[in-house]
Amino acid sequence: MDMTALARTLLEPVPAHRTAGIKVLRAADCAAEVALETPQALTNVIGSLHSGGLITLVDAVGLGAIIAASSGDGDFQGVVPLGRAASLEFLAPARGRLVAACRLGDEARHTLLPLLSGRTDRARSATHAEVTDAAGTVVCRGSFDWSVRRTTPSGVV
């Protein structure tokens with residue numbers, strides 16, 4: 001199901017995402033893509049996106065993929081995902097337009113679907129992402145371990 005509109009509504013206003021200029025391109029069928037134009041204010045000493053900007057991008061795309069596992073807007077009502085651990089692998093300077101992509105694996109889907117359908121109120125899951133530049137070069141790989149909980153029953157507004 002296409003959850004792009006919900007992902008934009010939830011992710012783009014987050015202050016860190018707004019500061020980095022992150023835009024949700026797509027969030028559907030357990031996969032997401034987000035992008036940014038490398039902001040000068042977030043570059044490091046070589047003019048590449050600082051690691052803080054890269055982790056923000058990997059965070060946003062992982063959250064987008066989690067949202068994209070929903071079958072409707074109500075599935076995500078009251079869901080609070082919190083990062084438990086994160087890692088980055090720097091492969092090349094990250095400059096210009098960067099696109100991050102994440103697709104949930106079978107284990108993540110299996111873990112998250114009972115939470116999103118309201119059958120449980122907690123889940124732990126992991127997301128893995130790749131960040132590419134405009135030339136298609138993979139500049140970074142990253143992962144997040146998530147603790148996800150539901151604070152209100154599914155479908156309750």
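Computed from a predicted structure; not experimentally measured. All residue numbers refer to positions in the sequence shown, counting from 1.
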Intermediate values then yes/no, side chain to side chain contact (heavy atoms under 4.5 Å, CB included), Arg97 and Val99: CA-CA 7 Å; Arg97 180 174 171 79; Val99 176; 4.2 Å; yes
Check: Asp59 and His17 side chains under 4.5 Å, non-hydrogen atoms: yes
Can you find a heavy atom in the side chain of Leu116 that is under 4.5 Å from one in the side chain of Phe76? yes
Between the main-chain N or O of [Y] and the side-chain N or O of [X], is there a donor-acceptor pair closer than 3.5 Å?
{"X": "Thr38", "Y": "Gly96", "answer": "yes"}
{"X": "Arg103", "Y": "Asp29", "answer": "yes"}
{"X": "Thr120", "Y": "Pro114", "answer": "no"}
{"X": "Arg122", "Y": "Arg150", "answer": "no"}
{"X": "Glu12", "Y": "Val24", "answer": "yes"}
{"X": "Thr151", "Y": "Gly78", "answer": "yes"}
{"X": "Thr19", "Y": "Pro15", "answer": "yes"}

Walk me through whether Leu10 and Leu6 qualify under side chain to side chain contact (heavy atoms under 4.5 Å, CB included). CA-CA 6 Å; Leu10 295 174; Leu6 179 62; 3.8 Å; yes
Closest approach of [X] and [Y], non-hydrogen atoms and distance?
{"X": "Ala65", "Y": "Cys102", "answer": "CB-SG, 3.7 Å"}
{"X": "Glu33", "Y": "Ala101", "answer": "CG-CB, 4.1 Å"}
{"X": "Arg84", "Y": "Ser147", "answer": "CD-CB, 3.4 Å"}

Give the C-alpha distance, both sets of side-chain angles, the deciding distance and a yes or no for side chain to side chain contact (heavy atoms under 4.5 Å, CB included) between Leu91 and Val139. CA-CA 5 Å; Leu91 304 169; Val139 298; 5.7 Å; no
The test is side chain to side chain contact (heavy atoms under 4.5 Å, CB included); show your working for Leu36 and Leu49 and say whether it passes. CA-CA 10 Å; Leu36 62 73; Leu49 184 62; 4.2 Å; yes
Membership question, hydrophobic clusters at under 4.5 Å side-chain separation (ILVMFWY): are Leu63 and Ile55 in the same one? yes
Can you name the salt bridge (Lys or Arg N to Asp or Glu O under 4.0 Å) partners of Arg141, sequence neighbours left out? Glu89, Glu130
Ser125/Thr111 under side chain to side chain donor-acceptor pair (under 3.5 Å): CA gap, chis, key distance, verdict: CA-CA 7 Å; Ser125 189; Thr111 301; 5.2 Å; no
